[in-house]
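A short write-up of the structure that comes next.
Position 1 is the first residue of the sequence, and the numbers go up from there. Since we're looking at a predicted model, the values are computed, not measured.
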Amino acid sequence: MDSALLRDVSLVCLAGGVVGVSFGAIAVAGGLPVWVPVVMSLVVYAGSAQFSAVGILLAGGGPFAAAATGLLLNTRTAAFSLAVADVLGKGRLTRLLGAHLVTDETVAFALAQQDPVRRRVAFWVSGIALFTVWNVCVLIGALAGEALGDTATYGLDAAFPAVLVALVLPTLREQPPVRRAALLGGAVALAASPVTPTGVPVLLALAGLALWRRS
């Protein structure tokens with residue numbers, strides 16, 4: 001096993017764990033029972049969608065509105081799944097489990113590897129580790145409830161996107177077409193952020209793929 005890969009996975013797990021604790025604490029402190037964030041993390045397993053859904057529920061919105069928002073935010077994983085389809089395996093059960101582990105982080109780990117075998121190992125190692133850490137930490141946060149508070153107050157939630165950026169930097173440096181596509185997508189997302197709902201700028205950033213195909 002590559003020690004560098006294990007180190008990077010550990011860092012992302014640490015950042016994800018902080019966010020998971022925050023999510024569990026926010027959900028319970030807002031008035032939801034402990035089982036809601038726990039079951040949501042096991043079944044949905046999508047940080048941004050979970051935060052948005054809980055936010056809608058705590059604001060008085062209905063479950064259908066919360067579910068629709070989560071689906072919208074997770075639309076991007078459809079493209080991610082196509083990008084890592086070759087590493088999920090061939091059996092139906094294996095592909096089903098693999099699809100559940102498709103996240104921004106696992107895709108970044110997989111695509112950062114050049115060798116197909118290493119790509120598969122990176123995906124499954126990061127996927128299983130992140131899924132385990134996320135759910136354990138959500139449970140811890142939910143049990144802590146109001147006693148823990150919102151970790152975002154201390155800026156700890158910023159560790160998660162920071163680590164993800166660090167993961168993709170090598171690919172951006174080495175592959176100009178990917179860099180150009182990422183820059184265009186980032187510009188579109190930044191321009192759309194002030195005028196669109198949370199999560200929509202990420203979807204609009206997929207416009208950068210058009211530039212990549214022309215490269």
Working to the nearest 0.5 angstrom, can you tell me the gap between I140 CD1 and N135 CG?
11.0 Å
Summary of side chain to side chain donor-acceptor pair (under 3.5 Å) pairs that have at least one residue in residues 92-102, sequence neighbours excluded
none
Could you give me the CA-CA distance, side-chain angles and deciding distance for F123 and F109, then say whether ring-ring contact (aromatic ring centres under 6.0 Å, His included) is met?
CA-CA 6 Å; F123 175 83; F109 275 119; over 10 Å; no
Tell me which pairs pass side chain to side chain donor-acceptor pair (under 3.5 Å) where either residue lies in residues 121-130, with sequence neighbours left out.
none
Stepwise side-chain contact (heavy atoms from CB on, under 4.5 Å) check, L111 with V107
CA-CA 6 Å; L111 296 184; V107 171; 3.6 Å; yes
Verdict with reasoning, V21 to V138, per side-chain contact (heavy atoms from CB on, under 4.5 Å)
CA-CA 5 Å; V21 170; V138 167; over 6 Å; no
Using the rule that two of Ile, Leu, Val, Met, Phe, Trp, Tyr join whenever any of their side-chain heavy atoms come within less than 4.5 Å, decide whether V84 and Y45 are in one cluster.
yes
Let me check something: any side-chain donor-acceptor pairs from residues 9-18 under 3.5 Å, sequence neighbours excluded? List them with distances.
unit_1, atom_1, unit_2, atom_2, d
S10, OG, L6, O, 2.7

Residues 119-129 vs salt bridge (Lys or Arg N to Asp or Glu O under 4.0 Å), sequence neighbours excluded, gives D86-R119
Do the non-hydrogen side-chain atoms of L143 and L139 ever get within less than 4.5 Å of each other?
yes
Residues in salt bridge (Lys or Arg N to Asp or Glu O under 4.0 Å) with R179, at least two apart?
none
When clusters are formed by joining ILVMFWY residues with side-chain heavy atoms under 4.5 Å apart, either directly or through shared neighbours, do V133 and L5 land in the same one?
no
Path from I128 to V102 over hydrophobic side-chain contacts below 4.5 Å
yes
Side-chain donor-acceptor contacts of residues 25-44 below 3.5 Å, not counting sequence neighbours, with atom names and distances?
unit_1, atom_1, unit_2, atom_2, d
S41, OG, P37, O, 2.8
S41, OG, Q50, NE2, 2.9
S41, OG, W134, NE1, 3.4

